[in-house]
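Each residue takes its place number in the sequence, starting with 1.
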Amino acid sequence: MKKVHFIGVGGSGCAGCAMMALNAGYEVSGCGIDLNSSYLDQVKDTGEIELFEGHDLSHVKDADIVACSPAVLGKGIEEVDYAFKDGKLMKWQHFLGDFVMKDKKVIAICGTHGKTSTTSMLGTSLENAGVDPSVFVGGVVPKWDKTIRVGQSDIFVIEADEYDSNFIKYAPDVVILNNAEMEHPEIFDSEEEYMAIFENFLRTVKENGTIIVNLDDSGCLKLIESVQDYIVENKIEVRGFTITGESKYACEKVYDGLIIANNSGKRTFELEGNLINMNVVGDYNVSNAVAVLAASDVIGADISKVIEGIENFETANRRMQVIKNYDNGTVIINDYAHHHTQVKNALKAAREMSDERKLVAVFEAHQISRLNNHMQEYADALKIADKIYVTPVFVGREAGKALPDMQKFLDMINHDNAFFVNEEPEEVAKIVSKQIEDNASTVVVMGAGKSHIVANNL
């Protein structure tokens, strides 16, 4: 039995990959600075994966493979450097592609936004349809209380992350291309460089595979045009999905979802004679659902059962997740939004949930360069709210870089009720709590760093 050791095992993806490795028959161990990560609960529950706190050479010397989180690379960690020199180091994403997903029929969901929501919706809906898929998600799925599902069929559904080309080893049979717009400016110097990552990924789709493209997204249309030579050469089928019906791009098949009702943000839409009542809010989730139906059709799943799964779908954790309802009518929502388009979508959806409640936005920018590069777009998105609390930027990988001018940001928002709260998350929560205790409010806490602490304290 081969031994694989995971460095940075507390991350959502790395923890899930450790679970998949165990199921695939490997002897598994892992280490990390923080073994109290919520993502490790599923790992600890197995009782079969040895965990070590901190880093030490002894963790990797007997390992056949060392799979690591990209976050630990280039940090001078001795066990990482040793494994690299010994020729057994790889990113966990590459381990997943080269070993765990080998010989599987892979459905990969990629795009700038919506990967977690679409992957979890597809995975739970295929489960409902009796497909019994394995599923790998970037967030906790409430139905499973895990980031993964281990199935017995050959279908493997995976959230495909473009950061640092993490998805390049997945060799998918089917790709859902949800959207594509500039992201991760801390590592990509231009939109062209960023889009090239997706183009490279589309060129890994297997021969006779399928690309399911969002016809409503201009970035997706540019990408599909850029790989026409590969599509023709490898006999790739291109199917499209839309909720606007406006695209003229010619596909083998188009899935055209028509929204016909809006009940406090939850849409009812029609597709090919089927009426689907969404249990989650926003146009973007209708688009996700149409993509799910398209992928299900490609693999021949029972569409009526897939629809049943979509209608009962409960959003993944931190995706417009309602975590508290107060007696006075106040609702607390925790959302992972950190790109300006996500912020806009989250606040628009929250506004639709109730016209009677005040809409309060609590926003933590994630990475300095994101906010600097798109300050006006963030400002315009936040203006949707009635009251806005901006918290300190989560600097993450950009530690040491000059912080954005937050007064300039407030000036751009140009809102009488916009405030910069330069406090730790617990104090931010106290300030927000005092302001909403007498007014029924929808509070949307957004960010991908410490924002969840604010939400949980509220």
State, with a plain yes or no, whether a side-chain heavy atom of [X] is found less than 4.5 Å away from one of [Y].
{"X": "Gln42", "Y": "Met19", "answer": "yes"}
{"X": "Val4", "Y": "Glu27", "answer": "no"}
{"X": "Phe201", "Y": "Glu162", "answer": "no"}
{"X": "Phe241", "Y": "Asn178", "answer": "yes"}
{"X": "Ile212", "Y": "Val238", "answer": "no"}
{"X": "Phe136", "Y": "Thr147", "answer": "no"}
{"X": "Thr204", "Y": "Pro172", "answer": "yes"}

Any carboxylate oxygen within less than 4.0 angstrom of a Lys/Arg side-chain nitrogen, looking at [X] and [Y]?
{"X": "Arg319", "Y": "Asp335", "value": "no"}
{"X": "Lys348", "Y": "Glu352", "value": "no"}
{"X": "Arg149", "Y": "Glu127", "value": "yes"}
{"X": "Asp98", "Y": "Lys91", "value": "no"}
{"X": "Glu237", "Y": "Lys253", "value": "no"}
{"X": "Asp81", "Y": "Lys75", "value": "no"}
{"X": "Asp173", "Y": "Lys104", "value": "no"}
{"X": "Arg397", "Y": "Glu186", "value": "yes"}

How about [atom1] on [X], more than 12 heavy atoms from neighbouring residues, nucleotides or ligands closer than 6.0 Å, or not?
{"X": "Lys206", "atom1": "NZ", "answer": "yes"}
{"X": "Lys401", "atom1": "NZ", "answer": "yes"}
{"X": "Lys169", "atom1": "NZ", "answer": "no"}
{"X": "Asn277", "atom1": "CG", "answer": "yes"}
{"X": "Glu78", "atom1": "CD", "answer": "no"}
{"X": "Lys2", "atom1": "NZ", "answer": "no"}

Nearest heavy-atom neighbours spanning [X] and [Y]:
{"X": "His366", "Y": "Gly449", "answer": "CD2-N, 3.8 Å"}
{"X": "Val131", "Y": "Ile155", "answer": "CG1-CG1, 3.9 Å"}
{"X": "Pro142", "Y": "Asn317", "answer": "CG-OD1, 3.6 Å"}
{"X": "Ala18", "Y": "Ile49", "answer": "O-CD1, 3.9 Å"}

Requested in this report: Could you please spell out the steps behind the side chain to side chain contact (heavy atoms under 4.5 Å, CB included) verdict for His5 and Ile65?
Outcome: CA-CA 6 Å; His5 179 75; Ile65 299 169; over 6 Å; no

Report task. Would you sort out whether Leu126 and Ile299 count as a side chain to side chain contact (heavy atoms under 4.5 Å, CB included), showing the intermediate values? Result -> CA-CA 10 Å; Leu126 290 180; Ile299 66 169; 3.9 Å; yes

Report task. Please find out if less than 6.0 Å separates the ring center of Trp92 from that of Phe99. Result -> no

Requested in this report: For residues Phe188 and Tyr163, establish whether the separation of their ring centroids is below 6.0 Å.
Outcome: no

Ignoring hydrogens and geometry beyond distance, is a side-chain donor-acceptor pair present between [X] and [Y] at under 3.5 Å?
{"X": "Tyr284", "Y": "Ser117", "answer": "no"}
{"X": "Glu270", "Y": "Asn274", "answer": "no"}
{"X": "Glu159", "Y": "Thr116", "answer": "yes"}

Query - side-chain contact (heavy atoms from CB on, under 4.5 Å) against Ala365, all qualifying residues, sequence neighbours excluded - result: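 Scan of Ala365 (side-chain contact (heavy atoms from CB on, under 4.5 Å), adjacent residues dropped) gives Phe363, Leu371, Val393.
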
Query - Derivation of the side chain to side chain contact (heavy atoms under 4.5 Å, CB included) call for Leu215 and Val254 - result: CA-CA 9 Å; Leu215 301 178; Val254 175; 3.9 Å; yes

Query - side chain to side chain contact (heavy atoms under 4.5 Å, CB included) between Leu202 and Tyr230, worked out - result: CA-CA 9 Å; Leu202 293 177; Tyr230 184 84; over 6 Å; no

Query raised in the report: With sequence neighbours excluded, what pairs up with His452 under the ring pair (Phe, Tyr, Trp, His ring centres under 6.0 Å) test?
Result: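 Residues passing ring pair (Phe, Tyr, Trp, His ring centres under 6.0 Å) with His452: none at all.
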
Query raised in the report: Do any pairs count as a salt bridge (charged side-chain N to carboxylate O under 4.0 Å, His left out) and have a residue in residues 59-74, sequence neighbours left out, and if so which ones?
Result: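 Output for this query is empty, none listed.
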
Query - ring-ring contact (aromatic ring centres under 6.0 Å, His included) between Tyr170 and Phe156, worked out - result: CA-CA 10 Å; Tyr170 291 170; Phe156 197 111; 8.5 Å; no

**Report entry** Audit row: Lys344, Glu377, salt bridge (Lys or Arg N to Asp or Glu O under 4.0 Å) steps and yes/no
**Finding:** CA-CA 9 Å; Lys344 179 177 68 176; Glu377 289 90 340; over 6 Å; no

Requested in this report: Determine, step by step, whether Arg203 and Asp229 satisfy the salt bridge (Lys or Arg N to Asp or Glu O under 4.0 Å) criterion, reporting the C-alpha distance in whole Å, the side-chain angles of both residues, the deciding distance to 0.1 Å, and the verdict.
Outcome: CA-CA 10 Å; Arg203 291 180 181 276; Asp229 59 325; 2.9 Å; yes

